[in-house]
> 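The structure that follows is given in the form of structure tokens.
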Amino acid sequence: MAEIKSSLEIALKRAADIAGRDDSDAELIEAGQTGQLLARKILGGALPAHDLGRELNKLSQRARPAARKTAAKGLLEKLPDSWFLVGPALEVLADDAGQGGLIGQLGHAVGALEEARSKAEKSLAHELTMQCEKLGICGSAVSPNPKAHPDYEPRTQTALREAALKLDALIDQLANLL
């Protein structure tokens, strides 16, 4: 493993020399790549969120912010769909940057988005049930699919708009702070 790392360091140094950069720039580039790798590992389930801090602490004090920023960017791109993986990892990154309070707000925004989607789908399902009952179709076997409602897209987009704007604002804020 040490040979691989030394080969990587040699390759990065050569690339930096070719580009006319010094070793400190190469260190930041490598830190950014490390941050991307850590984000991919978390999203793939290969790295538990609680180990993220340990991995970041392996980097130099100068390189850690670059790795944290690229890891955060990679994780934030997967919101809100992967909250169960992303949330704990972002909490580690935010705590490392002294911004832990924002993660709670972000969690509430993700929850509000899901709640808005759920309410819209329940309303549409109820409408479909009522339409079926008018046609004489009823009973426990009837289970309406809200996504089959002709107005599903526009009504859910309207219901999600406010929550999505708040979530996007928090994601931007967190991306800039981490």
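Small disclaimer: the values here were computed from a predicted structure and weren't measured. Both backbone and side-chain heavy atoms feed into the values below; hydrogens, waters and symmetry mates do not.
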> Got Asn57 and Arg54 here, is their nearest side-chain heavy-atom distance under 4.5 Å?
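No, their side chains stay 4.5 Å or more apart.
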> What closest approach, in Å, do Arg64 and Leu59 show between heavy atoms, and which atom pair accounts for it?
NH2-O, 3.3 Å
> Using side-chain heavy atoms (C-beta onward) and a distance below 4.5 Å, is Lys166 in contact with Glu162?
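No, every pair of side-chain atoms sits at 4.5 Å or beyond.
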> Going by salt bridge (charged side-chain N to carboxylate O under 4.0 Å, His left out), name the residues that satisfy it together with Glu55, two or more places apart in sequence or in a different chain.
Lys58
> Decide salt bridge (charged side-chain N to carboxylate O under 4.0 Å, His left out) for Glu115 and Lys119; before the verdict, give the C-alpha distance in whole Å, the side-chain angles of both, and the deciding distance to 0.1 Å.
CA-CA 6 Å; Glu115 185 178 332; Lys119 282 183 180 179; 3.4 Å; yes
> Answer yes or no: is there a side-chain heavy-atom contact under 4.5 Å between Arg117 and Glu114?
yes
> Is the shortest heavy-atom distance from the side chain of Pro146 to the side chain of Lys122 under 4.5 Å?
no
> Indicate yes or no: at least one non-hydrogen side-chain atom of Glu121 is less than 4.5 angstrom from one of Lys147.
yes
> Does Leu75 reach the side chain of Leu43, with side-chain heavy atoms less than 4.5 Å apart?
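They are in side-chain contact.
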> side-chain contact (heavy atoms from CB on, under 4.5 Å) with Leu174: which of Leu79, Leu93, Leu106?
Leu106
> Considering non-hydrogen atoms only, spot the tightest contact between Gly32 and Thr70 and give its length.
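Nearest heavy atoms, Gly32 then Thr70: O-OG1, 2.9 Å.
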> Who clusters with Leu85? Use side-chain heavy atoms, under 4.5 angstrom, across I, L, V, M, F, W and Y, and order the result by chain and number.
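Taking Ile, Leu, Val, Met, Phe, Trp and Tyr as members, Leu85 shares its hydrophobic cluster with Phe84.
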> I'd like to check Arg62 versus Leu28 (side-chain heavy atoms, cut-off strictly below 4.5 Å). Are they in contact?
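A side-chain contact under 4.5 Å exists here.
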